[in-house]
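Reviewing the structure listed below.
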2 protein chains.
Amino acid sequence: MRPTVHDIAAVAGVSLATVDRVLNQRPGVRHVTREKVERAIRELGYVRDVAAANLAKGRTYPFVFILPASDNSFMHALNAEVRAAVARSPVDRTEIRTIEVPAFDPAALVAVLEKLGEERPAGIALVATDAPDVRDAVDRLVKEGIPVVTVVSDLTGSQRHHYAGVDNIAAGRTAARLLGRFLGGASGDVAVLAGSMLVRDHRERLEGFATVIAKEFPSLSLLPVIEGRDDPELAHMLVADALSKQRGIIGVYSLGAGNRGLIRALKEKAGDRALTVIAHELTTHTRAALLDGTIDAILNQDAGHEVRSAIRVLKAKADGLAVIDGQERIRLDIFLKDNLP
Amino acid sequence: MRPTVHDIAAVAGVSLATVDRVLNQRPGVRHVTREKVERAIRELGYVRDVAAANLAKGRTYPFVFILPASDNSFMHALNAEVRAAVARSPVDRTEIRTIEVPAFDPAALVAVLEKLGEERPAGIALVATDAPDVRDAVDRLVKEGIPVVTVVSDLTGSQRHHYAGVDNIAAGRTAARLLGRFLGGASGDVAVLAGSMLVRDHRERLEGFATVIAKEFPSLSLLPVIEGRDDPELAHMLVADALSKQRGIIGVYSLGAGNRGLIRALKEKAGDRALTVIAHELTTHTRAALLDGTIDAILNQDAGHEVRSAIRVLKAKADGLAVIDGQERIRLDIFLKDNLP
DNA sequence: CCAAATTTGATGTACGTAAATCAAAATCTG
DNA sequence: CAGATTTTGATTTACGTACATCAAATTTGG
């Protein structure tokens with residue numbers, strides 16, 4: 001049987017009330033007494049029964065998710081996963097509220113964070129816009145003792161407790177190697193379609209991609225990045241244009257959203273030549289394109305995992321418990337047409 | 001606030017004791033009364049507070065893991081993950097016991113399962129040996145109401161509640177496409193190193209692999225399968241021999257364990273020619289080989305995920321609760337040298 | 001319709017922890 | 001050393017559920 005507060009009291013030779021004071025850092029305990037209790041806790045290997053504690057406290061975890069108001073499949077999926085988590089709220093004692101902020105708008109994000117500082121929720125998860133002001137706002141919250149995790153996109157140099165997202169540099173590198181190997185030593189141009197270079201995850205993917213292409217596949221040359229703003233229409237136009245004008249393109253890497261437009265452009269120009277294409281995020285559109293051969297591989301991050309991981313980590317931090325690292329590492333999924341879920 | 005048993009009693013117009021009798025299917029409740037209570041439960045959307053219930057019951061979950069006594073890296077990793085779960089036992093109220101059985105020995109496995117039927121643990125996880133007798137033994141346990149999940153290797157046609165492992169046909173298909181694409185249309189022979197064709201996961205991987213190679217990469221021809229019995233020494237000998245004699249080999253797929261021997265053989269023959277190699281399971285050896293270019297891609301299943309998933313599912317089944325499907329799908333990890341964890 | 005059987009109600013205790021109250025003891029201050 | 005202050009102990013209630021007991025009410029059988 002695992003030890004209880006009663007056992008601690010007995011071993012430490014103090015009363016239950018004192019043990020409680022120490023455990024819940026209430027005042028009115030002399031230093032020596034506190035040490036006696038802490039020693040007993042260590043000796044017995046006591047770990048508080050979180051379930052019983054939550055029951056007694058009537059505790060719930062008021063969490064806040066801050067999500068960008070972006071109209072693309074991935075953000076919709078992320079939203080849906082948060083809603084699914086909300087549906088499970090009664091069971092896991094969470095009370096999740098979502099706040100939408102304009103995408104790529106540091107000021108708006110900071111304003112929301114500031115207000116949350118007063119509200120003091122049990123934890124905050126946010127899709128970070130990578131700006132110094134945001135970092136400072138997050139660091140203030142952390143200093144005030146509020147658990148904060150970034151989701152999908154991280155915050156450079158901040159003190160956030162955890163990042164629930166993929167390693168985007170590795171993602172870019174992986175895309176490069178897949179593309180390079182699939183092209184099997186052929187020479188030609190590679191087009192890169194991004195959303196915006198203002199977002200950290202896109203920058204990082206490009207960085208990883210460019211590095212590996214340059215170093216390991218010198219027969220391939222990178223064309224200037226096409227910024228499609230994650231907008232299907234714009235992406236379609238720009239890609240179609242590039243494919244018409246740049247006759248040397250043999251590979252395409254789409255590292256952002258708005259793949260609907262990309263796919264349309266690829267199909268229109270399909271007759272022309274064989275293209276090898278790597279894209280990010282598994283959606284109905286990219287899935288279909290993978291199956292019909294328009295896309296050769298899809299790199300994906302599982303939004304459900306990210307949301308659940310963020311919640312688990314916030315909970316653990318709120319309770320001062322350890323997390324299982326292996327469980328919280330968000331992996332980069334690589335999908336070929338054969339291993340689709 | 002979520003509804004409690006008191007609310008049900010009030011709404012149904014019965015006493016707390018009666019609600020309790022219905023909830024815990026105790027006898028002594030007239031049919032009409034039972035229906036009144038059940039209606040109230042539905043109306044209120046009551047869900048039993050599992051934490052409080054477990055507290056009251058002093059409940060723990062006695063689970064049993066049945067693992068094969070195989071001496072390879074993957075099984076060691078699986079063992080370690082089970083031990084890690086045991087270390088977390090006090091926190092999540094599990095009491096996990098492991099039983100080792102000889103590998104590939106249906107009779108021994110059946111004997112263990114039979115005995116567990118009397119013991120009636122709260123759940124059983126097993127690495128299944130795919131034989132009719134085993135299937136029957138598992139089905140008996142399931143019929144007796146004991147939750148059973150298979151881990152890593154599934155059981156054909158059984159009633160087990162869940163399978164915590166990867167789709168091995170998909171894994172084989174994926175390996176084929178990676179190999180085919182990496183070889184970029186070249187012609188030649190492909191060697192396959194397996195452990196034993198008596199294990200279902202190996203059979204399935206081969207099946208998926210052969211199918212895709214035949215259909216989509218006709219310029220490649222499969223050599224007869226080399227059975228290395230997951231033994232590094234034997235694998236080394238057989239592969240070295242094959243590489244010497246079969247000069248047309250341009251690709252290798254290692255779908256089982258014992259990769260240490262494979263890697264040694266590959267390095268000895270490295271000077272000869274360029275080989276494209278796909279292997280299963282990320283270990284220190286395969287990781288190093290991936291990094292130094294001896295292996296081109298590694299397909300992996302995360303043992304930690306499998307163990308944790310098995311436990312979550314067993315718990316849910318023991319409590320009669322639903323599982324989150326997306327969370328319990330074990331994914332096939334594809335590692336290139338760029339996205340190693 | 002009465003006795004027997006079944007069903008229901010009322011009540012209390014328990015699980016491990018949190019939190020509060022009040023009294024008693026120990027320590028500190030001047 | 002008295003008095004004020006701080007620290008500690010003892011005890012109680014609560015959280016939501018499980019489970020046991022005993023009495024009261026209701027239904028059933030003959």
Side-chain angles (χ1 to χ4, degrees), chain A residues 1-41 44-61 89-93 95 122 318-321, chain B residues 1-41 44-61 89-93 95 122 318-321:
Chain A
M1 269 281 91
R2 58 194 276 205
T4 72
V5 280
H6 294 87
D7 301 321
I8 302 177
V11 169
V14 301
S15 79
L16 220 54
T18 302
V19 174
D20 181 71
R21 289 181 183 113
V22 172
L23 277 176
N24 297 291
Q25 27 227 4
R26 269 184 267 279
V29 185
R30 251 188 318 164
H31 188 64
V32 280
T33 315
R34 164 159 282 130
E35 290 212 316
K36 267 199 300 187
V37 174
E38 278 165 353
R39 183 147 33 81
I41 290 176
L44 291 170
Y46 170 84
V47 266
R48 162 204 259 112
D49 183 330
V50 183
N54 284 345
L55 179 60
K57 275 194 282 208
R59 153 158 225 184
T60 53
Y61 301 80
S89 277
V91 178
D92 58 6
R93 302 190 113 82
E95 278 175 7
D319 291 332
L321 298 178
Chain B
M1 270 281 90
R2 60 193 275 205
T4 73
V5 281
H6 294 86
D7 300 320
I8 302 178
V11 169
V14 301
S15 79
L16 219 54
T18 301
V19 173
D20 180 72
R21 289 179 184 115
V22 172
L23 276 177
N24 297 292
Q25 28 226 5
R26 268 183 267 279
V29 185
R30 252 189 317 164
H31 188 64
V32 280
T33 316
R34 164 160 281 129
E35 291 212 315
K36 266 198 301 187
V37 174
E38 280 165 352
R39 185 146 32 82
I41 290 176
L44 291 171
Y46 170 83
V47 266
R48 164 204 261 112
D49 183 329
V50 183
N54 284 345
L55 179 60
K57 275 195 282 210
R59 154 157 225 186
T60 54
Y61 301 80
S89 278
V91 178
D92 57 6
R93 303 191 112 82
E95 278 175 7
D319 290 332
L321 298 178

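Chain letters run A, B, ... following the sequence lines, proteins first, then strands; residues in each count from 1.
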Integer-rounded Å distance: D:dT17 P and B:R26 CZ
14 Å
Output the rounded distance in Å from CG (B:L16) to P (D:dT21).
18 Å
Does A:R30 put a side-chain nitrogen or oxygen below 4.0 Å from OP1 or OP2 of D:dT6?
no
Which whole-number value in Å describes the distance from A:N54 CG to C:dA19 C1'?
15 Å
Taking CG from B:D92 and C1' from C:dG16, how many angstroms apart are they, rounded to a whole number?
17 Å
Using a 4.0 Å heavy-atom cut-off across all strands, classify A:G28 as base, sugar-phosphate, or nothing.
base
Atom-to-atom span, CG of A:L23 to C1' of C:dT17 - whole angstrom:
9 Å
To check you understand the geometry: which heavy-atom pair defines the closest contact between A:K36 and A:A12, and what is its length?
CD-O, 3.8 Å
Hey, does A:A17 reach any base, or is it just sugar-phosphate, or nothing, if we go heavy atoms under 4.0 Å?
base
Indicate, with a heavy-atom threshold strictly under 4.0 Å, whether B:R21 touches base, sugar-phosphate, or nothing.
base
Mind calculating the distance between CG (A:L55) and P (C:dA14) to the nearest angstrom?
17 Å
Take B:R2 and B:D49 through the test side chain to side chain contact (heavy atoms under 4.5 Å, CB included) and record every step on the way to the result.
CA-CA 9 Å; B:R2 60 193 275 205; B:D49 183 329; 4.1 Å; yes
Given D:dA18, is OP1 or OP2 found less than 4.0 Å from the side-chain N or O atoms of B:R48?
yes
B:R34 or A:V47: which one's nearest nucleotide on DNA chain C is closer to the 5' end?
B:R34
On DNA chain D, more 5' by nearest nucleotide between A:T18 and B:T4 is A:T18
If I compare all heavy atoms of A:L55 with all of A:R93, which pair ends up nearest, and what's the gap?
CA-NH2, 4.1 Å
Just checking B:D20: base, sugar-phosphate only, or nothing, at a heavy-atom cut-off of under 4.0 Å?
base
Nearest-nucleotide comparison on DNA chain C, the residue closer to the 5′ end among B:H31 and A:A53
B:H31
Calculate the interatomic distance between B:K57 atom NZ and C:dG16 atom C1'; express it in whole Å.
17 Å
Check against side chain to side chain contact (heavy atoms under 4.5 Å, CB included), B:L23 and B:I41:
CA-CA 9 Å; B:L23 276 177; B:I41 290 176; 3.8 Å; yes
Once you round it to whole Å, what is the distance between P of C:dG16 and CD1 of A:I41?
17 Å
A cation-pi test, strictly: NZ or CZ of A:R59 under 6.0 Å from the centre of the six-membered ring of A:Y61 and no more than 45 degrees from its axis. Yes or no?
yes
